[in-house]
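Computed over heavy atoms, backbone and side chain alike; hydrogens, waters and symmetry mates excluded. One is the number of the first residue; the rest follow in order along the sequence.
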Amino acid sequence: MEIFQDIAQILSSGLSEIGYTDQPPKTDRVLKSTGIEQAIFDDLCTDAEALSECEMEGKEKLKSFGSLINDVFQSIYTLNPKYTEENELSALSRQFNKSILENLMADENYTAVKGVCEGKELPAISATEEFSEHILEDLDDLMDKATGGKGKADAIEKMQQDKTALLQKLKEFLEKRDSVPADNSDGIDKKIVNTANRVKAKAEQAEMFEAIMANNLRKNKQKIRECVAGAMDAALQKAQETQNAVLAWGDGSAAMQKNELNTEVLRRCAASGKLRYIAQFLGRYKQLLNSKRLTGYTYGRGQKYDIEYGNNISRALTSDLALLADSTLLPLFLRKYRQKRLKQYRRREPEYKGKGDIIVCLDESRSTFGENNAYGMAVAMVLYELCKINRTSFALIHFSNHTKTYVFPKNEEIPVEMVLECAETFLDGGTNFDNPLREANCLILDDRFEKPDVVFITDGICDVSDEILDTFEKLKSDTGTKLTGILLDQGKNVEFALQKFADQVYRTSELLQEQIVENLMEDRI
């Protein structure tokens, strides 16, 4: 390294022109966020305790870990991720964070993760949490690969900070020299030369360390890619799990926003393996139901006819969107967005053909435990969703060798706690068809039900007493009630007692599970 010998060399080198030390500090954020996107991320983080703990632990090892978490969310949530300019990035983020982000966005699962998370708050933050926790587990190894075993990756930031401090010191010395008499400047000149050489040495040290990091990251690209791929696999699974839970038990909004209902649903699902298992089926079936409901529009999809308040940006009026053009008005726009006070177009609501009340009898004998019970409960819950849409009454009769019944009348507000409790119920035991049919007979005569359809879901063979069968057949004749049977006999093709009293039977040995659900929907939408 060439060293400065005197003041003239320092002045001619340009090192004395240190106005750039007053420029805004470098950022650790590799991707840009709009004000709204950042506000959404910050709001989501307030309730994400595990993510906050992950960030705190990660920042003890890597200064820019919090920004990495923010960038992960940004990469999967926003429509078109945009990179921050290279000259605005800190050296650490330019090398380490950007390498992780580039591998994330090049991963084979990135498109799938983005498909689940783009514009959807809860899946995006849950995937971010899962990805970040996996990266944290491998962070020491990743930093070791980046530095070639030469210490922590954020040592480069310490070098940059030292360089900035020395530059500031050099600036002060140069300003002080102007006030020192020329015949008494030897002492201050020595300090200036010494400080300038230290600045130059620190700058070259930082540049060398950054070059080493860049070279090591290239050499270990495959290992880093494998680490990121493992984290993306876990993130995809978590995002899908969150999406299914919100679709199955939440408010059903496309944006899957954080609210009291969705937050409670995710909390319950985290503690209940059965709710998560059912959601794997029910989430898909509700998506199918929503797509079929689109055919029910009377006035055509998307027709505008009035103005309302809300926070759907895709339907917002240009008068409110214009607030985004002026940075001084951005806080006003954000406040109106969070308070759902943006002016937006109202669209025609769909009209449905509608059907009557529904009673589901669900076999919960010991043999149904697992997939059969999860599928049967998903069928019951999607039928309950249809009843809510059509404003009709619904009942679910759990049965084995005894019964437990939940009734959801059409004119009552049903708390989500009751729905989740119903879904988590599993009776266990043997199989008895008399008890659920007896209970169904009572409900058919109940004033809360009018010509209900009965759906009977079972996997077993069980006889029915003549007395119960005769009573049920008479009620069917008197009320016009129809019974649809679903036999969970995939791969078995057994004979069954449903033939005695069912008007129509679907068998999983003959139709795909989803096709059966689709047929039930088409009969009732």
Glu57: which residues meet the side-chain contact (heavy atoms from CB on, under 4.5 Å) condition with it, sequence neighbours left out? Leu136
Listing request: all ring pair (Phe, Tyr, Trp, His ring centres under 6.0 Å) pairs with a residue in residues 32-62, at least two apart in sequence or in separate chains. Phe41-Phe73
Quick one: salt bridge (Lys or Arg N to Asp or Glu O under 4.0 Å) partners of Glu514, sequence neighbours excluded? Arg284
Would you mind listing every side chain to side chain donor-acceptor pair (under 3.5 Å) that reaches into residues 320-333, with sequence neighbours excluded? Asp320-Lys336, Asp326-Thr328
Using atom types as modelled, flag every donor-acceptor pair under 3.5 Å from a side chain in residues 223-240 to any protein atom, sequence neighbours excluded.
unit_1 : atom_1 : unit_2 : atom_2 : d
Arg225 : NH1    : Gln222 : OE1    : 2.7
Glu226 : OE2    : Gln222 : NE2    : 3.3
Asp233 : OD1    : Asn109 : ND2    : 2.4

Applying side chain to side chain donor-acceptor pair (under 3.5 Å), name anything that partners Gln243, two or more places apart in sequence or on another chain. Lys120
Quick one: list whatever passes side chain to side chain donor-acceptor pair (under 3.5 Å) with Lys219, sequence neighbours left out. none
Ser272: which residues meet the side chain to side chain donor-acceptor pair (under 3.5 Å) condition with it, sequence neighbours left out? Glu424
Holding to side chain to side chain donor-acceptor pair (under 3.5 Å), I want the full list of residues that pass it with Glu88, two or more places apart in sequence or in another chain. none
By side-chain contact (heavy atoms from CB on, under 4.5 Å) - contacts of Ala316 (at least two apart): Leu321
So which pairs with a foot in residues 373-384 pass side chain to side chain donor-acceptor pair (under 3.5 Å), sequence neighbours left out? Lys274-Asn373
Report the residues that fulfil side-chain contact (heavy atoms from CB on, under 4.5 Å) with Asp42, sequence neighbours left out, ordered by chain and then residue number. Gln38
